[in-house]
Amino acid sequence: MSNYYVSGCVADGDDVSTCDDSVAQFWTLYRRNEEGLSEGIIDCMFREDAEAAMRVYKERDAPAAPKCCDGLRNQVNANRV
C-alpha cells in the first residue's frame, strides 16, 4: 500500500475538507505517516497535476536496486531484442 494519495478538496472560509472530485475546488496530495495520520504535501488546481506529483514522491521513496544487481540487469537488457 502506498503512503501517498490524492483527494479532492473544498475550502469553506478557514476550513478545508476532502470531497468527491465532482465538487472539488482543488486537489491535495497527502502522505500517510507511520501512525496512520495524513498530512497535506501540495495543493494543485488539477487532479492530474496532483497525481503527477504523487508519482514523483513514490519514485523518490522507492528503494534503489542494490549495486550487485547492475551486472545482471545489464546482461538481461543486452539479451533483449
Side-chain angles (χ1 to χ4, degrees):
M1 180 174 89
S2 174
N3 290 334
Y4 297 101
Y5 64 97
V6 171
S7 181
C9 297
V10 292
D12 181 24
D14 294 332
D15 297 321
V16 173
S17 303
T18 59
C19 66
D20 187 74
D21 282 3
S22 63
V23 295
Q25 296 170 331
F26 60 95
W27 286 261
T28 299
L29 170 60
Y30 291 94
R31 184 183 73 85
R32 196 173 288 112
N33 65 21
E34 300 81 27
E35 299 167 351
L37 302 175
S38 298
E39 61 181 330
I41 296 174
I42 187 171
D43 295 329
C44 298
M45 291 301 299
F46 302 100
R47 174 175 262 286
E48 295 81 10
D49 293 339
E51 289 174 347
M54 181 171 60
R55 286 190 296 274
V56 170
Y57 274 84
K58 284 182 178 180
E59 183 177 314
R60 181 200 68 179
D61 292 353
K67 292 291 182 186
C68 65
C69 297
D70 287 345
L72 178 60
R73 183 178 321 136
N74 291 338
Q75 288 176 359
V76 170
N77 289 336
N79 291 327
R80 290 187 179 171
V81 177

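Atom CD of Glu59 has 12 or fewer heavy atoms from other residues, nucleotides or ligands within 6.0 Å.
When all heavy atoms are compared, the tightest approach of Cys19 to Ala24 is SG-CA, 3.6 Å. Here the closest non-hydrogen pair linking Thr28 and Cys9 is OG1-SG, 3.4 Å. When all heavy atoms of Val23 and Val10 are compared, the pair lying nearest together is O-CG1, 3.2 Å.
Judged purely by atom type and a 3.5 angstrom limit, Glu39 has no side-chain atom pairing as donor or acceptor with the backbone of Asn33.
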Practice task
Start with the C-alpha gap between Asp21 and Trp27, add the side-chain angles, then the distance that decides, and say whether side-chain hydrogen bond (donor to acceptor under 3.5 Å, both in side chains) holds.
Solution key: CA-CA 8 Å; Asp21 282 3; Trp27 286 261; 2.9 Å; yes
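Within the 4.5 Å cutoff, the side chain of Tyr57 has no heavy atoms near those of the Ser2 side chain.
Rounded to the nearest 0.5 Å, atoms CZ (Phe26) and CE (Met45) are 9.0 Å apart. To the nearest 0.5 Å, the span separating CD1 on Ile42 from CE on Met54 amounts to 12.5 Å.
Note on Tyr4: it clusters hydrophobically with Val6, by side-chain heavy-atom contacts below 4.5 Å among ILVMFWY residues.
Among residues at least two apart or in separate chains, side chain to side chain donor-acceptor pair (under 3.5 Å) pairs with a member in residues 5-19 are Tyr5-Ser38.
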